[in-house]
Amino acid sequence: MRSHSRRFVSMTAVLAAGALALAGCAKGGGGGAPEGAAGSSQKPLENKAVSAISVGTADDSAGPAPEVPGAKPGGTVYMIDRDDFSHLDPGRVYMNYNASVSALFTRTLTNYKQDDAGNIKLVGDLATDTGATTDGGKTWKFTLKDGLKWQDGAPITSADVKYSFERLFADFITEGPDYAETWLVPDANKPFRDQYKGPYDGKELDTIETPDDKTVVFHLNAAHPDFNFTVAMTGYGAVPKAHDTKQKYDKQPWSSGPYKIVSHVTDKSLDLERNENWDKNTDPIRHAYPDKFHMEFGLQSQQSTERFMADAGNDKQAFTFHNPVAPERIQEVLGNADLMKRSLQGLTPFTTFYNINTKRVTDVNVRKAIQLAWPSKQIQQLQGGEISAGKIATTVMSPTVLGYEDFDLYEKLTKPEGDPEAAKALLAKAGNATPTIVYAYNQTPTQEKVTIAIKEALAKAGIKVVGKPLNAGTYYDAIGPVDNKFDVYWGGWAADWPTGSTAIQPQFDGRQISDNAPNYSHLNVPEINSAIDQANAATDPAEAGKAWAAIDRQIMEQAAIIPEFYQTYFGLYGSGLGGVRFDPIQGEQSALNIYVK
């Protein structure tokens, strides 16, 4: 299978306390927030998404979305953030902040519905339900709802949906996910653009059928039981053929959602107004309480934090998709009860960890000894504590992934400072009481401190650590080759949709090991490879979740990674807004329920 542009965690994300928990292909290699962000007064993080993701019914997919108590229509909501959205054409959307704003004007066949308790359901968005398959996931049928319209009042039809997928094969759409494209051509092992060039020369994609205006049938080249999760990605959002301006579509896409774009000044502002042709009765997840959104770009997290804290003028009605509380202001915010009332915090989909190169550290007992001796608590403190860096992780999958099971094979939560005596016992069992490991890291001030902590902790167990500083700009280039000369190095990952298939297979399927591929631990265990195939074939989401959780445990038993953090987000919004919610799928603030008080 060809490689995808997966969701690597970025170095900057860790440097800035979640400031850039970017999806897509952002890469980096570790970092850390200022030490001053740490402190004993940090409020424990809530995690309302743990094991609460399910597949909804047709009733769950029906609109309108439940009213937000106290919400009222009218007014303008302001948004302040660091960066303009890099892409608005749904086919080119992979980054989470692009996906968050797109939810206001782009609809997909399926999407996620979150209730007040934090439970999340996959539901039909354009579709009447989450789709149906009768052959284990090789063929998928979706039926469109009645009353769906584009912003000009034209009906949204199955032909539009088919066209939306066909145009993804065009040579200018290269930034989005490519799962569906790979699965909709005859041979998944050959480049999909060699097999279909897109619709602009008049040719259609035969693997998508539209027997009537309401029905779309996808014929995949292999079974993909969670394809209904795949089509929830913004990258598979609807685009009308009649208004497809190709490359220009990225600046002003045609709306199928509750808002339409009326102005976009690159790197400065984006203005949205209510789409009068959006029918709330077709939409189970969105509201359109505000009349308008005015979005402003170019503010670093310190600037936006100070404006939220001042809470003056239009900033009272402001939120941010992405900017977190600046690390240097975290303690001040945590100590201010009024500010905390308008704060949001939660787990992002990202898990960070340290890969153990299993091609070099071949004895599993040595790998387990490294795990036991690892100074997780010290590393967390050096990177700003739980609020700034994240919760100490013990698994591969994030708690935001369906089927996640909480387990701690190496007592990272009960002995977070490390257990050198237990590590010594395993080294004795391995017959190697004083091994040497080569640890590669980004050469930043914080990572220098982290490296010292690792050296000191592992030395207590008899393990000598040789540090190899790397340039941040070429970090992944250095650790990417299969024959790299390092034993342990930092990394991270987020699932493209909240099932185990995109959280585990890219990283731990031994059949996909190659230079610069995501299996940085180079783990190749036949039993795990076989279990991955079985999990991919599971048609029941709950059973598939259990299967992926079992594989998670198998990987941890192999000690292929040392989990670091379940990455967190901590942000503020203005006092004049209600309905601001943390979105655990995207790992940032959601605008779908926002209203002006």
Side-chain angles (χ1 to χ4, degrees), residues 46-69 96 99-100 102-104 106-133 137 140-145 148 224-234 236-237 257-258 280-287 346-349 397-405 494-503 538-549 579-594:
E46 297 179 0
N47 174 27
K48 296 180 178 179
V50 173
S51 297
I53 301 171
S54 60
V55 177
T57 64
D59 287 343
D60 294 320
S61 306
E67 293 294 331
V68 178
N96 54 350
S100 292
S102 292
L104 294 170
T106 296
R107 296 180 68 177
T108 45
L109 283 171
T110 61
N111 216 312
Y112 300 98
K113 182 178 183 178
Q114 183 179 358
D115 66 19
D116 292 338
N119 301 309
I120 297 174
K121 285 184 179 178
L122 182 76
V123 298
D125 184 358
L126 292 174
T128 55
D129 55 27
T130 59
T133 180
W140 279 90
K141 177 182 176 182
F142 297 88
T143 302
L144 301 185
K145 295 171 180 172
L148 299 171
H224 293 284
D226 54 359
F227 183 67
N228 50 354
F229 282 89
T230 312
V231 297
M233 297 181 76
T234 307
Y236 300 114
K280 67 178 183 180
N281 294 313
T282 70
D283 198 325
I285 64 171
R286 299 172 183 81
H287 293 99
L347 293 175
T348 77
M397 294 197 302
S398 161
T400 61
V401 173
L402 177 66
Y404 160 81
E405 291 183 5
D496 276 337
W497 55 87
T499 71
S501 61
T502 66
T539 57
D540 178 77
E543 292 302 314
K546 292 179 182 176
W548 289 115
V580 189
R581 175 179 281 178
F582 176 74
D583 178 356
I585 299 294
Q586 302 300 345
E588 55 188 21
Q589 296 185 25
S590 168
L592 300 185
N593 290 342
I594 278 182

Rounded to the nearest 0.5 Å, how far does [atom2] of [Y] lie from [atom1] of [X]?
| X | Y | atom1 | atom2 | value |
| --- | --- | --- | --- | --- |
| Thr143 | Leu109 | OG1 | CG | 10.0 Å |
| Ser398 | Leu347 | OG | CG | 6.0 Å |
| Phe142 | Thr130 | CZ | OG1 | 7.5 Å |
| Asn96 | Ser102 | CG | OG | 11.0 Å |

Flag, side chain of [X] to backbone of [Y], donor-acceptor distance under 3.5 Å:
| X | Y | answer |
| --- | --- | --- |
| Thr110 | Asn228 | yes |
| Lys113 | Asp60 | yes |
| Lys145 | Gly124 | yes |
| Ser61 | Thr57 | yes |

Exercise for the section: Determine whether Arg581 and Leu592 make a side-chain contact, defined as any pair of heavy atoms from C-beta on separated by less than 4.5 Å. Expected result: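 Heavy-atom side-chain distance check fails, nothing below 4.5 Å.
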Exercise for the section: Report yes if some heavy atom in the side chain of Asp496 is under 4.5 Å from a heavy atom in the side chain of Phe229; otherwise report no. Expected result: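 Not touching, per the 4.5 Å side-chain cut-off.
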Kindly list each side-chain donor-acceptor pair under 3.5 angstrom involving residues 538-549, sequence neighbours excluded, with atom names and distances?
unit_1, atom_1, unit_2, atom_2, d
Asp540, OD2, Ala542, N, 3.1
Asp540, OD2, Glu543, N, 2.8

Just to verify, what does [X] make a side chain to side chain contact (heavy atoms under 4.5 Å, CB included) with, not counting sequence neighbours?
| X | value |
| --- | --- |
| Asn111 | Thr108, Asp125, Ile285, Arg286 |
| Pro64 | Lys280, Asn281 |
| Thr230 | Tyr179, Trp183, Phe227, Tyr236, Trp497 |
| Thr133 | Asp135, Trp140 |

Taking all non-hydrogen atoms of both residues, which atom of [X] and which atom of [Y] are closest, and how far apart?
| X | Y | value |
| --- | --- | --- |
| Pro498 | Thr400 | CB-O, 3.5 Å |
| Pro66 | His287 | O-NE2, 2.9 Å |
| Gln114 | Phe582 | OE1-O, 3.5 Å |
| Ala503 | Met397 | CB-CG, 4.2 Å |
| Asn593 | Gly579 | CB-O, 3.3 Å |

Exercise for the section: Just jot down the side chain to side chain donor-acceptor pair (under 3.5 Å) partners of Thr282, sequence neighbours excluded, or say none. Expected result: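 Side chain to side chain donor-acceptor pair (under 3.5 Å) list for Thr282, sorted by chain: Arg107.
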Problem - Check: Gln586/Ser100 side-chain N/O donor and acceptor closer than 3.5 Å - result: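 Note: Gln586 and Ser100 side chains miss the donor-acceptor criterion.
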Exercise for the section: For Asp115, enumerate each residue passing the salt bridge (charged side-chain N to carboxylate O under 4.0 Å, His left out) test, keeping only those at least two apart in sequence or located in another chain. Expected result: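 Partners of Asp115 by the salt bridge (charged side-chain N to carboxylate O under 4.0 Å, His left out) criterion come out as none, since no residue qualifies.
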Handout entry: Side-chain ion pair, Lys141 and Asp129, N-O less than 4.0 Å
Key =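 Looking at Asp129 together with Lys141, the answer is no, because their closest N to O distance does not fall below 4.0 Å.
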Handout entry: By ring-ring contact (aromatic ring centres under 6.0 Å, His included) - contacts of Tyr112 (at least two apart)
Key =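 By the ring-ring contact (aromatic ring centres under 6.0 Å, His included) rule, Tyr112 matches no residue at all.
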